[in-house]
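Structure record follows, encoded as structure tokens.
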There are 2 protein chains.
Amino acid sequence: MAAANETAAQRSRHDPAGYRLEPQIGYVLRRAHQRATQIFNSVMGEFKVTPTQFAALAKLDDVGRVSQNELGRLTAMDPATIWGVVSRLLKQGYVVQSTDPNDARLVMLELTETGREAIDRMKAVAAEVSRETLAPLTEEESRKLLDLLSRIGS
Amino acid sequence: MAAANETAAQRSRHDPAGYRLEPQIGYVLRRAHQRATQIFNSVMGEFKVTPTQFAALAKLDDVGRVSQNELGRLTAMDPATIWGVVSRLLKQGYVVQSTDPNDARLVMLELTETGREAIDRMKAVAAEVSRETLAPLTEEESRKLLDLLSRIGS
DNA sequence: TATTGTTATACTCTATAACTATA
DNA sequence: TATAGTTATAGAGTATAACAATA
């Protein structure tokens with residue numbers, strides 16, 4: 001058993017008592033996020049979109065015409081990330097770009113008719129992703145988890 | 001206000017009542033994981049390792065000599081992911097490969113002396129990452145969150 | 001001048017699939 | 001056949017830098 005006066009270096013090898021990976025919040029978050037992504041892919045597979053692409057489409061459907069960086073802020077993606085996501089949505093024909101007459105820096109985005117049809121069909125089944133991800137928990141536990149997560153999320 | 005007989009397509013545009021992104025578990029998980037990663041990088045920045053590289057080093061420190069895919073299973077990474085992580089750890093000189101005399105398919109991994117020194121120093125501050133990530137919560141809430149997350153994580 | 005938006009590049013992580021080698 | 005490892009491809013996320021436009 002661990003003596004009180006052994007050093008960290010002595011204790012760490014083959015004795016994880018000093019630091020265990022499994023109960024760390026970052027590790028558990030990565031695993032939970034992994035499983036949520038897997039469920040998203042299995043439920044939404046037919047639509048050929050990723051979770052972030054779906055988030056961008058859903059938000060664009062809610063707010064209508066919006067600039068690229070503003071869409072990123074609304075979906076928790078930095079400018080570089082939203083740029084990559086939007087360029088793939090453009091390639092799929094779900095989104096079109098235009099300019100803002102009042103501010104030449106802005107790239108304004110809107111859903112195409114194809115994009116509107118697609119996000120309608122996606123939203124109809126998207127709730128199933130959350131339901132399946134939270135299946136191991138009771139409803140009250142699920143609410144508690146969402147509350148705690150939103151309090152540690154940026 | 002929303003009439004009971006309007007269709008999903010009519011309701012979805014500019015009226016997010018039918019499906020909101022923000023309270024979905026996958027979205028909240030992504031944001032929480034984002035913040036945990038940012039805190040990891042700010043606390044562990046001096047060591048020039050990523051969260052998954054740290055996980056692999058910490059586990060390797062605990063279990064000693066182990067095959068590459070087994071290390072992946074122990075740290076929740078699939079073969080392609082652990083392959084990329086290990087190849088970067090090899091480049092940094094933290095890990096060495098060897099063969100298994102009983103099974104020529106296996107690539108066995110071990111920490112180098114440099115790797116052992118590095119992971120010792122990392123473990124000494126790694127707890128600060130979890131502390132800071134969970135700072136918005138009480139201790140009891142933190143325990144509850146870890147419990148709920150581990151139950152929905154693969 | 002300082003800030004904002006966009007684009008570009010580089011690196012890492014994740015997942016799937018195809019492939020080789022071994023058991 | 002089943003498993004282990006490797007490789008290719010694609011998307012996502014992050015960081016950084018460069019540049020244009022705006023305040």
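All chains are named by letter (A, B, ...) in the order of the sequence lines, taking the proteins before the strands, and each is independently numbered beginning at 1. Predicted, not measured: the structure shown is a model, and the values here were computed from it.
Phosphate proximity of D:dG5 to B:W83: absent, as no side-chain N or O sits under 4.0 Å from OP1 or OP2. Contact annotation: A:Q68 side-chain N/O to C:dT7 OP1/OP2 distance is under 4.0 Å. Contact check, A:Q38 against C:dA15: a side-chain N or O comes under 4.0 Å of OP1 or OP2. Put simply, B:R88 has no side-chain N or O that comes within less than 4.0 Å of OP1 or OP2 on C:dC11.
Atom CG of A:D100 is separated from atom C1' of C:dT6 by 14 Å (rounded to the nearest Å). Between the C1' atom of C:dT12 and the CD atom of B:Q34 lies a distance of 15 Å, rounded to the nearest Å. Here D:dT6 presents its C1' atom at 14 Å from CG of B:L109, a figure rounded to the nearest Å. The CG atom of B:N102 sits 16 Å away from the C1' atom of D:dT3 (whole-angstrom rounding). With rounding to whole Å, B:D78 atom CG is found 12 Å from C:dA17 atom P. Rounding to whole angstrom units, CG of residue A:D103 and C1' of D:dA21 are separated by 7 Å. When rounded to the nearest whole Å, the span between CE of A:M108 and C1' of C:dT6 equals 14 Å. The separation between A:M77 atom CE and D:dG11 atom C1' is 12 Å, rounded to whole Å.
Between D:dA4, D:dG11, C:dT7, one nucleotide has an atom nearer to the side chain of A:Q53 than all others, and that is D:dG11. Minimum atom distance to the side chain of B:R73 is reached by D:dA4, of the listed D:dA8, C:dT14, D:dA4. Taking the side chain of B:R30 as heavy atoms from C-beta on, and the options D:dG5, D:dG13, C:dA15, the nearest nucleotide is D:dG13. For A:T81, counting side-chain heavy atoms from C-beta on, the closest listed nucleotide (C:dT6, D:dG5, D:dG13) is D:dG13. In this structure, the nucleotide among D:dG5, C:dT6, D:dG13 sitting nearest to the side chain of A:S67 is C:dT6. Nearest to the side chain of A:N69, among D:dG13, C:dT6, D:dT7, sits C:dT6.
Nearest-nucleotide mapping onto DNA chain C: of A:V107 and A:T37, the residue sitting toward the 5' end is A:V107. Along DNA chain C, the nucleotide nearest B:P101 and the nucleotide nearest B:I82 are compared for position; the residue whose nucleotide lies closer to the 5' end is B:I82.
By the 6.0 Å contact criterion, CD on A:E140 is open, its count of non-hydrogen atoms from other residues, nucleotides or ligands being 12 or less. When the shell of 6.0 Å around CD of A:E139 is examined, it contains 12 or fewer heavy atoms from other residues, nucleotides or ligands.
Residue A:E70 is classed as having no contact, given no heavy-atom separation below 4.0 Å to the nucleic acid. Backbone-only contact: B:A104 has heavy atoms under 4.0 Å from sugar-phosphate atoms and none from a base.
In the hydrophobic clustering of this structure, B:I119 groups with B:V43; members are Ile, Leu, Val, Met, Phe, Trp, Tyr whose side-chain heavy atoms approach within less than 4.5 Å, directly or through other members.
Under 3.5 Å, the side chain of A:R105 and the base of C:dT6 form no donor-acceptor pair of N or O atoms.
Ring-centre distance between B:F47 and B:Y94: not below the 6.0 Å cut-off.
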Checklist line | Full working for side chain to side chain contact (heavy atoms under 4.5 Å, CB included) between B:T52 and B:T75 | finding: CA-CA 8 Å; B:T52 51; B:T75 52; over 6 Å; no

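With a 4.5 Å cut-off on side-chain heavy atoms, A:R35 and A:P136 count as touching.
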